[in-house]
Amino acid sequence: MGVIGQNEMLFLLQGLKWTLLLSAIGFIGGGIFGLIIALARTSDRSALQKTAAGYISVFQGTPLLMQLFVVYYGIALLGVSIEAWAAVAIAFTLHASAFLGEIWRGGIQAIPKGQTEAANALGLHYVSRMKDVVLPQALKVSLPATVGFLVQLIKGTSLAAIVGFIELARAGQIVSNQTYRPLLVFGIVGAIYFIICWPLSLYGARLENRMANAAR
């Protein structure tokens with residue numbers, strides 16, 4: 001059996017770097033497009049509502065693994081050469097935008113209609129009404145669910161290995177194959193995921209409890 005030394009640990013940390021980077025790209029990009037989706041879902045225009053609802057249904061109703069396949073190989077079929085990291089970044093951004101859009105849609109609709117009516121009475125136009133009145137409250141209401149989704153997104157990056165992207169889980173598989181010590185290697189990989197995700201889960205639960213106590 002091989003030994004897990006400094007080089008193997010550095011390789012795992014390199015995979016961790018790509019896991020964190022992919023999570024950040026997916027979450028930030030998904031947040032930007034997710035906000036657009038949320039606004040479309042709560043729009044007064046039926047066409048926008050239906051389009052956004054269809055978009056959400058597609059990405060929530062299909063496995064992330066399939067979405068990675070479709071983006072990676074679908075773009076290649078169009079004759080466009082794309083790196084694995086770019087394909088998974090696009091796939092995770094689209095995936096995250098659907099889930100965050102639906103989470104934030106719920107937050108927007110949870111705001112009492114009286115506040116929107118008051119903003120209208122003050123003559124605030126749509127952008128000011130959403131930016132200054134609705135969205136700050138909606139995002140606060142949605143924060144526990146948003147943090148929970150971030151945890152799922154981080155763990156979901158392990159699926160990116162299917163298209164050749166070397167993130168933490170794939171790096172662990174490579175090290176395991178080299179050292180023939182899968183239990184130890186994946187124990188380390190699991191511990192790294194736990195160290196990242198557990199504090200976020202605790203933070204999300206604390207936010208949820210705080211909001212529940214405030215609502216009493």
Side-chain angles (χ1 to χ4, degrees), residues 16-43 45 48-68 70-72 75 82-111 115-116 126-160 165 167-168 193 196-208 210-211:
L16 172 62
K17 181 191 75 173
W18 285 109
T19 288
L20 295 176
L21 183 60
L22 178 57
S23 300
I25 291 173
F27 188 73
I28 295 171
I32 294 170
F33 289 105
L35 181 58
I36 296 172
I37 295 298
L39 293 175
R41 284 281 282 128
T42 56
S43 170
R45 299 182 180 182
L48 286 177
Q49 289 183 20
K50 291 179 179 178
T51 301
Y55 178 89
I56 290 171
S57 297
V58 168
F59 284 95
Q60 288 193 352
T62 56
L64 176 56
L65 189 64
M66 191 198 79
Q67 295 165 21
L68 287 164
V70 169
V71 171
Y72 184 67
I75 293 177
I82 186 170
E83 298 287 341
W85 72 267
V88 296
I90 293 171
F92 272 87
T93 295
L94 296 174
H95 176 80
S97 67
F99 281 85
L100 290 175
E102 188 66 0
I103 290 171
W104 294 343
R105 185 273 309 167
I108 291 173
Q109 293 182 335
I111 305 304
Q115 298 198 27
T116 303
Y126 177 79
V127 174
S128 294
R129 187 168 70 244
M130 297 303 295
K131 179 173 67 72
D132 299 325
V133 179
V134 176
L135 287 180
Q137 298 180 76
L139 294 178
K140 183 178 179 181
V141 169
S142 306
L143 191 55
T146 301
V147 173
F149 175 74
L150 176 59
V151 173
Q152 297 302 316
L153 189 68
I154 292 171
K155 292 188 289 186
T157 57
S158 60
L159 296 175
F165 186 78
E167 38 60 63
L168 178 58
Y193 276 114
I196 297 170
C197 295
W198 186 57
L200 287 173
S201 297
L202 287 180
Y203 177 60
R206 189 176 303 162
L207 287 173
E208 193 171 356
R210 187 183 303 168
M211 292 176 60

Return the [atom1] to [atom2] distance between [X] and [Y], rounded to the nearest 0.5 Å.
X: Ile36; Y: Ser43; atom1: CD1; atom2: OG; value: 13.0 Å
X: Thr42; Y: Met130; atom1: OG1; atom2: CE; value: 5.0 Å
X: Arg206; Y: Met211; atom1: CZ; atom2: CE; value: 15.5 Å
X: Leu48; Y: Ile37; atom1: CG; atom2: CD1; value: 9.5 Å

Worksheet entry | Other residues, nucleotides, ligands: >12 heavy atoms within 6.0 Å of Lys50 NZ | no

Item to complete: Take atom CD of Gln109 as the centre, draw a 6.0 Å sphere, and report whether it contains more than 12 heavy atoms from other residues, nucleotides or ligands.
Response: yes

Discussion item. One pair to check against side-chain contact (heavy atoms from CB on, under 4.5 Å): Phe92 and Ile25. What are the steps and the verdict?
Written reply: CA-CA 8 Å; Phe92 272 87; Ile25 291 173; over 6 Å; no

Worksheet item: What salt bridge (charged side-chain N to carboxylate O under 4.0 Å, His left out) pairs are there with at least one residue in residues 29-40, not counting sequence neighbours?
Response: none

Residue pair [X] / [Y]: nearest heavy atoms and the distance that separates them:
X: Ala160; Y: Leu22; answer: CB-CD2, 4.0 Å
X: Ala38; Y: Gly101; answer: CB-O, 3.4 Å
X: Leu68; Y: Leu159; answer: CD1-O, 3.6 Å
X: Gly107; Y: Ser142; answer: CA-OG, 3.3 Å
X: Ser23; Y: Thr157; answer: OG-CG2, 3.4 Å
X: Cys197; Y: Val151; answer: CB-CG1, 3.9 Å

Worksheet item: Taking it one step at a time, do Trp104 and Leu35 satisfy side-chain contact (heavy atoms from CB on, under 4.5 Å)?
Response: CA-CA 7 Å; Trp104 294 343; Leu35 181 58; 4.2 Å; yes

For [X], ring-ring contact (aromatic ring centres under 6.0 Å, His included) partners two or more places apart:
X: Phe59; answer: Tyr55
X: Phe149; answer: Phe99
X: Trp18; answer: Phe165

Within-4.5 Å side-chain heavy-atom neighbours: [X] and [Y]:
X: Leu100; Y: Phe27; answer: yes
X: Leu39; Y: Ile108; answer: yes
X: Leu200; Y: Ile154; answer: yes
X: Ile82; Y: Ile90; answer: yes

Worksheet item: Under the side-chain contact (heavy atoms from CB on, under 4.5 Å) criterion, do Leu20 and Ile196 qualify, and how do the steps go?
Response: CA-CA 9 Å; Leu20 295 176; Ile196 297 170; 3.9 Å; yes

Worksheet item: For Gln137, what residues pass the side-chain hydrogen bond (donor to acceptor under 3.5 Å, both in side chains) criterion, not counting sequence neighbours?
Response: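 For Gln137 the side-chain hydrogen bond (donor to acceptor under 3.5 Å, both in side chains) partners, ignoring immediate neighbours, are Gln115.
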
Worksheet item: Are any side-chain N or O atoms of Thr19 and backbone N or O atoms of Leu168, one a donor and one an acceptor, separated by less than 3.5 Å?
Response: yes

Fill in: Donor-acceptor under 3.5 Å (Ser97 side chain, Leu94 main chain)
yes

Discussion item. My understanding is that only residues two or more places apart in sequence, or in another chain, count here; which of them pass salt bridge (Lys or Arg N to Asp or Glu O under 4.0 Å) with Glu102?
Written reply: Arg41, Arg105

